[in-house]
Amino acid sequence: MLSEDELQDLVNDIESERVERTVSTHDEAKFSEAICAFSNDLPGRGLPGYLLIGVHDDGRPSGLRVTDKLLKDLGGLRANGKILPPPTMSVFRGTLQGGRHEVVVVEVRPSDMPPVRYDGRVWIRVGPRKAIASEAEERLLSERRASVLSRTFDARPCRGSSLADLSVDLFKLTYLPNAIAPEVLEENHRDLREQLASLRFYDAKSDCPTHAGLLLFSQRALDYMPGAYVQFVRYAGAELDSEVVADKAISGDLLSVLRQLDELLPLHINSRPVPVTALRERTVADYPLRALRELVMNAVMHRSYEATGPVRIDWFSDRIEVQNPGGLYGEARPENFPSQTAYRNPVLAEAMKVLGYVNRFGRGVAVARAELERNGNPAPDFSLDDPHRVLVTVRGRG
């Protein structure tokens with residue numbers, strides 16, 4: 001939080017690479033471009049940038065009345081999946097001139113994983129103005145990332161792997177058109193390594209793919225990460241020693257894994273008609289597909305890929321258990337879950353959003369709970385105390 005004197009200094013100063021002022025309260029694109037540009041921190045100062053809403057270009061307050069809805073809407077820009085990877089930012093109400101005027105302050109920290117994109121474009125600050133980064137500027141941002149200690153396993157180089165391990169067609173024909181704006185792709189003159197590095201799938205310094213690159217675009221991910229698969233088992237009864245009805249190990253590039261899961265889950269959901277009135281029935285399922293899908297996608301996204309075990313889906317006669325290796329990560333704790341989110345695999349999370357398997361960040365558990373309640377199932381039960389795994393149990397509709 002800024003003091004009123006600190007905020008007044010920002011208002012009085014000229015617009016620069018660290019400050020943008022506006023009186024608009026509804027221009028989501030403008031706000032997102034500014035947040036993206038501050039996240040990229042092209043000058044490399046390592047200092048936060050500030051979007052000040054409710055201030056004219058000359059520093060005069062606009063008379064804005066800050067509402068909870070406005071603060072919530074601006075805070076939602078972090079998780080709506082349009083700015084990738086998600087920015088580190090805070091939104092708060094500030095005051096000027098002894099509290100007589102209100103301002104919304106959006107404080108944005110430089111990203112540890114540039115370049116950051118908004119709608120497939122890398123925005124930067126060039127002095128007081130915003131611009132789309134050139135290829136040279138994108139390269140600078142990628143190289144800066146390589147000079148910082150990678151904080152997540154998926155962003156680190158996978159030693160011993162090579163460009164030959166990746167499917168170039170999968171990257172160029174499927175991923176790039178979804179990740180990068182069309183006009184940026186048309187002007188792209190970079191070689192394959194640079195394109196992959198810009199999206200955090202290749203480490204230029206080590207000259208090899210990152211773990212995320214292998215998970216997304218290689219059929220050989222298991223050679224480097226033995227636990228990188230999903231094990232599905234359906235049992236006839238309610239115990240592990242019950243007869244196995246179906247057993248499937250799902251592996252390959254991540255897109256293939258996700259597609260197979262989308263095909264597999266509906267096959268095992270039972271539906272039946274129930275009477276609504278004497279003349280009308282409706283069909284209900286023992287489990288709502290969307291809830292299961294959200295929980296399984298969360299397990300794939302948040303698991304530890306350093307662990308040797310797979311994501312497990314154990315489907316019993318009375319319940320489903322979804323288990324992923326790796327406990328809660330970062331700031332997430334049993335006492336603040338799921339309101340506090342932290343991403344063990346931010347590159348994979350971004351990729352799943354790009355590929356359409358995640359709608360909004362941090363909403364999977366809430367959506368699953370709502371779908372289960374709507375379908376008449378008990379609430380999901382999360383086991384979170386084990387540092388080596390997260391287990392969620394979903395019970396059938398009564």
Would [X] and [Y] pass as an ion pair if we require N to O under 4.0 Å?
X: Glu17; Y: Arg45; result: yes
X: Arg121; Y: Glu183; result: yes
X: Glu350; Y: Lys353; result: no
X: Glu306; Y: Arg344; result: no
X: Arg193; Y: Asp191; result: no
X: Asp286; Y: Arg272; result: no
X: Arg156; Y: Asp203; result: no

Could you give the distance from [atom1] ([X]) to [atom2] ([Y]), rounded to the nearest 0.5 Å?
X: Leu176; Y: Ile180; atom1: CG; atom2: CD1; value: 6.0 Å
X: Arg220; Y: Leu166; atom1: CZ; atom2: CG; value: 10.5 Å
X: Gln219; Y: Leu214; atom1: CD; atom2: CG; value: 11.5 Å
X: Ile320; Y: Leu292; atom1: CD1; atom2: CG; value: 4.5 Å
X: Arg18; Y: Leu47; atom1: CZ; atom2: CG; value: 4.5 Å
X: Ile124; Y: Leu140; atom1: CD1; atom2: CG; value: 9.0 Å

Would the distance check show the side chain of [X] and the main-chain N or O of [Y] forming a donor-acceptor pair, the cut-off being under 3.5 Å?
X: Asn178; Y: Leu355; answer: no
X: Arg333; Y: Gly330; answer: yes
X: Asp154; Y: Val347; answer: yes
X: Arg200; Y: Met113; answer: yes
X: Arg234; Y: His268; answer: yes
X: Ser218; Y: Asp165; answer: yes
X: Asp41; Y: Gly46; answer: yes
X: His211; Y: Phe153; answer: yes
X: His189; Y: Glu187; answer: yes
X: Gln195; Y: Arg190; answer: yes

Step through the shown structure and confirm whether more than 12 heavy atoms of other residues, nucleotides or ligands are within 6.0 Å of [atom1] on [X].
X: Asn12; atom1: CG; result: yes
X: Glu335; atom1: CD; result: yes
X: Gln97; atom1: CD; result: yes
X: Glu373; atom1: CD; result: no

List the atom of [X], the atom of [Y], and the distance in Å for their closest heavy-atom pair.
X: Ile53; Y: Ser24; answer: CG2-O, 3.2 Å
X: Ser317; Y: Ala238; answer: OG-N, 3.4 Å
X: Leu328; Y: Val390; answer: N-CG2, 4.0 Å

- Knowing that exactly one of Leu348, Leu254, Val322, Asn324 qualifies, which makes a side chain to side chain contact (heavy atoms under 4.5 Å, CB included) with Val300?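 Per the side chain to side chain contact (heavy atoms under 4.5 Å, CB included) rule, the option paired with Val300 is Leu254, out of Leu348, Leu254, Val322, Asn324.
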- Query: Hey, what's the ring geometry for Phe217 with Phe201, parallel, tilted or perpendicular (30° and 60° as the breaks)?
  - Reply: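 Answer is perpendicular, since the angle exceeds 60°.
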Under a 4.5 Å cut-off applied to non-hydrogen side-chain atoms, are [X] and [Y] in contact?
X: Phe232; Y: Leu261; answer: no
X: Arg125; Y: Lys130; answer: yes
X: Val244; Y: Tyr235; answer: yes
X: Leu216; Y: Asp253; answer: no
X: His101; Y: Val55; answer: no
X: Leu42; Y: Leu141; answer: yes
X: Tyr229; Y: Val257; answer: no
X: Leu163; Y: Leu196; answer: yes

Judged by modelled atom types alone, do [X] and [Y] share a side-chain donor-acceptor pair under 3.5 Å?
X: Glu371; Y: Asn375; result: no
X: Gln231; Y: Asp247; result: yes
X: Ser3; Y: Asp5; result: no

- Task: Evaluate the criterion side chain to side chain contact (heavy atoms under 4.5 Å, CB included) for residue pair Leu2 and Asp9; output intermediate values, then yes/no.
- Result: CA-CA 10 Å; Leu2 296 172; Asp9 288 341; over 6 Å; no
- Query: Could you go step by step and tell me if Tyr202 and Leu192 meet the side chain to side chain contact (heavy atoms under 4.5 Å, CB included) rule?
  - Reply: CA-CA 10 Å; Tyr202 201 85; Leu192 178 61; over 6 Å; no
- Message: Would Ser62 and Arg21 count as a side-chain hydrogen bond (donor to acceptor under 3.5 Å, both in side chains) here? Give the steps.
- Response: CA-CA 11 Å; Ser62 68; Arg21 298 187 283 254; over 6 Å; no
- Chi angles and distances behind the side chain to side chain contact (heavy atoms under 4.5 Å, CB included) call for Tyr343, Met301: CA-CA 8 Å; Tyr343 289 89; Met301 181 166 63; 4.2 Å; yes
For [X], enumerate each residue passing the side-chain contact (heavy atoms from CB on, under 4.5 Å) test, keeping only those at least two apart in sequence or located in another chain.
X: Glu28; value: Ser32, Leu77, Asn80, Lys82
X: Phe382; value: Leu295, Phe337, Val365, Arg369, Pro380, Leu384, Val392
X: Ala307; value: Arg303, Ser304, Pro325

- Does the side chain to side chain contact (heavy atoms under 4.5 Å, CB included) test come out yes or no for Leu267 and Glu263, once each step is laid out? CA-CA 7 Å; Leu267 296 177; Glu263 294 169 358; 5.7 Å; no
